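In this text the structure is predicted, and so the values were computed from the model without any measurement. Starting from 1, each residue takes its place in the sequence as its number.
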Amino acid sequence: MSPRRRLVVLLLTLTGISFTALFALGLRSLNNFEVAMARVLREGALNAAELTAQRIQRDFKSPVFNLLEQIDHPAIVNFQLGPISETLQRRAPEFPMIAVFFVWSLAPEGQEHPLLFFSAASSSVGDEAKVGGVPEEVATHGFYVDPPLAASLQQQARQDAPLRKNYALSYLTVEGNKHHVVIHFIYDEAERRDLRGFVGFLTDAEHLRQHYFRDLAFLWTPNKNRDFPALAISILDEEGAEVSRLGRSLMDDFAAEAQFPFLFFDIDLFESLLPLRPDVHYWTVRIGYEAGGIPSLAHQETMQQRWAWLLVCLVAVVGIVLTARATARDMLLADMKSQFVAGVSHDLKTPLTKIQLFADTLESGRVRSPEKAKGYYRVISAQARKLSIMIGELLDFSKIETGFREYPLEELDLCAVLRSSLEMFEDELSSGRFLVEVNTPNSEVPVLANAEGLQQLFSNLISNTLKYSPTDRFLRVALSTANQWARIELTDHGIGIPRSEQQKIFGKFYRGKGALAMAPTGSGIGLAIAENVVNAHEGTLSVNSVPGEGSTFIVELPLLPESWEVDSEADSGH
Ligand code: ADP
């Protein structure tokens with residue numbers, strides 16, 4: 001391997017290695033990116049769950065201080081339903097999470113005040129079932145009675161009031177329905193001994209589902225961030241049953257969750273209620289992504305980058321392959337050129353040596369017989385002609401290369417050109433003991449052609465037969481006409497050409513493997529010139545060959561229109 005070739009191979013190998021390393025590095029960073037993306041998604045979901053839980057907690061603790069504490073205590077104690085109703089009517093709609101408010105006060109001796117209920121959702125008078133049997137004053141203020149519920153609440157209040165706390169919280173099951181109840185006790189002013197009345201509220205999961213969790217989207221601010229994948233949200237009660245949800249089911253596949261107490265009181269002040277403190281029920285906010293689980297979502301999100309990276313790599317690979325191919329072609333051409341120079345120098349030297357040898361012999365006067373001298377002159381002249389053809393060929397080739405070679409056309413007889421080309425090789429053919437068959441028509445075959453060009457074409461084909469027929473020395477030249485075309489076939493029994501080389505041999509500097517092995521000299525431009533000549537005559541040049549058996553080169557040239565009727569009538573001679 002030449003140093004230049006070695007350097008190129010080294011460079012290409014280095015490029016390949018760096019590219020592979022770069023590709024692997026890119027893939028790794030894409031994987032890292034996916035991991036980071038999964039982390040961001042997980043943190044986003046967790047953040048959303050915590051924010052939502054905080055928001056719910058804030059909402060849940062507000063009715064105690066913002067509503068119950070706002071109801072005038074003397075009004076409660078004195079059972080003044082007007083002011084109580086007015087406060088409830090005005091403020092209750094701000095707390096849609098509360099199902100029912102209630103109020104009770106101790107009546108003067110001999111009287112009894114019923115426990116009254118007020119619901120923001122059905123505050124208007126007219127619910128006959130509930131208002132039935134209620135004094136008109138009660139009904140006009142929007143209150144109603146509910147004896148079973150009232151009995152449960154009274155019982156609870158009676159149980160908790162002796163402890164003299166301001167608030168009592170409990171989970172109360174009435175008719176199979178679990179309520180969270182908050183009672184605010186009002187005691188005797190001075191000694192705080194006797195219970196004078198109470199006010200409170202209760203709510204349940206069903207009410208929350210219908211009136212508070214109905215539109216969960218309002219809880220979810222980050223969901224409005226357009227760059228972030230859409231979220232699904234789900235609220236589960238303390239038993240894990242779904243109270244409400246927005247988007248897909250998160251029962252099995254979710255990204256994050258956070259808990260909040262199902263408690264309408266400030267959890268930080270909870271200790272102060274001891275011992276009126278139930279076991280707190282914790283509910284859960286669950287967050288997931290609409291598009292699916294985090295691993296698949298992270299994968300999806302990085303897909304675009306993966307494709308882009310793959311495309312970049314593909315372009316780079318194509319670039320490297322094209323560069324490698326171009327370099328290989330350049331190197332091949334460089335090799336061919338150096339072979340060409342060596343071959344041409346050798347080819348030029350052989351006839352020159354012959355000319356010099358025969359001329360020296362003649363000059364020395366050693367050749368006495370005029371016949372023999374004539375033979376020597378013939379050799380000198382033939383070799384000089386050959387030399388001139390070769391030099392002409394080189395000049396032609398450089399003209400072809402630069403695009404300056406022209407073939408002025410004239411009307412001429414193809415038979416005559418073919419015969420004169422054969423004559424040029426008469427010596428070599430006979431000294432090489434070639435069996436030559438020539439089949440040409442008796443009449444002229446007129447074509448519009450360039451004599452010099454055609455001679456070059458036939459010379460190249462005949463000289464190849466001489467070069468590449470080491471044992472079975474045979475040449476058949478056949479000229480025929482048909483369908484407005486003249487067809488010349490040159491057949492030999494030489495080394496033949498493998499199928500894989502049959503297209504390449506017409507390329508410049510190309511030399512077949514067999515040719516290189518048996519005739520190291522040679523330019524590799526003979527057939528390139530031949531094809532150029534044929535193209536200039538709007539003809540075709542092709543080859544049929546079987547390795548080890550021989551080759552037939554076929555030239556087809558257009559006939560002159562006046563000879564179109566002339567059909568092939570072959571005449572043979574040796
Ligand atoms: P050169 O003969 O100098 O190598 P050419 O362009 O004339 O260059 O031929 C190109 C190649 O075609 C040859 O190297 C040889 O491999 C193949 N070739 C041409 N003519 C023949 C033939 N008659 N028999 C076998 N191979 C041939």
Pair [X], [Y]: side-chain N/O donor-acceptor within cut-off below 3.5 Å:
X: T284; Y: R286; answer: no
X: R306; Y: N31; answer: yes
X: S420; Y: Q455; answer: yes
X: R487; Y: T481; answer: no

Item checked: Within residues 368-390 or reaching into it, pairs that qualify as ring pair (Phe, Tyr, Trp, His ring centres under 6.0 Å) - sequence neighbours excluded ->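 Matches after skipping sequence neighbours: F358-Y376.
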Notebook entry, point to check: Is the shortest heavy-atom distance from the side chain of L475 to the side chain of L435 under 4.5 Å?
Noted result: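 Side-chain contact under 4.5 Å: no.
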Note to self: Could you tell me if the side chain of C415 sits less than 4.5 Å from the side chain of E444, heavy atoms only?
What the structure shows: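 No; the side chains remain at least 4.5 Å from each other.
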Check: Can you name the salt bridge (Lys or Arg N to Asp or Glu O under 4.0 Å) partners of E428, sequence neighbours left out?
Finding: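 E428 satisfies salt bridge (Lys or Arg N to Asp or Glu O under 4.0 Å) with K386 once adjacent residues are dropped.
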Check: Is a salt bridge present between R245 and E242, judged by a nitrogen-to-oxygen distance below 4.0 Å?
Finding: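 Between E242 and R245 there is a salt bridge, with a charged N closer than 4.0 Å to a carboxylate O.
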Notebook entry, point to check: If you round to the nearest 0.5 Å, how far is OG1 of T440 from CD1 of I488?
Noted result: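 If we round to the nearest 0.5 Å, I488:CD1 and T440:OG1 are 11.0 Å apart.
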Margin query: Among residues at least two apart in sequence or on other chains, which ones pass side-chain hydrogen bond (donor to acceptor under 3.5 Å, both in side chains) with N460?
Written below: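 Partners of N460 by the side-chain hydrogen bond (donor to acceptor under 3.5 Å, both in side chains) criterion, ordered by chain and then number, come out as E393.
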Checklist line | Residue among Q300, R39, H299, Q305 satisfying side-chain hydrogen bond (donor to acceptor under 3.5 Å, both in side chains) with E34 | finding: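 Of Q300, R39, H299, Q305, side-chain hydrogen bond (donor to acceptor under 3.5 Å, both in side chains) with E34 is met by H299 alone.
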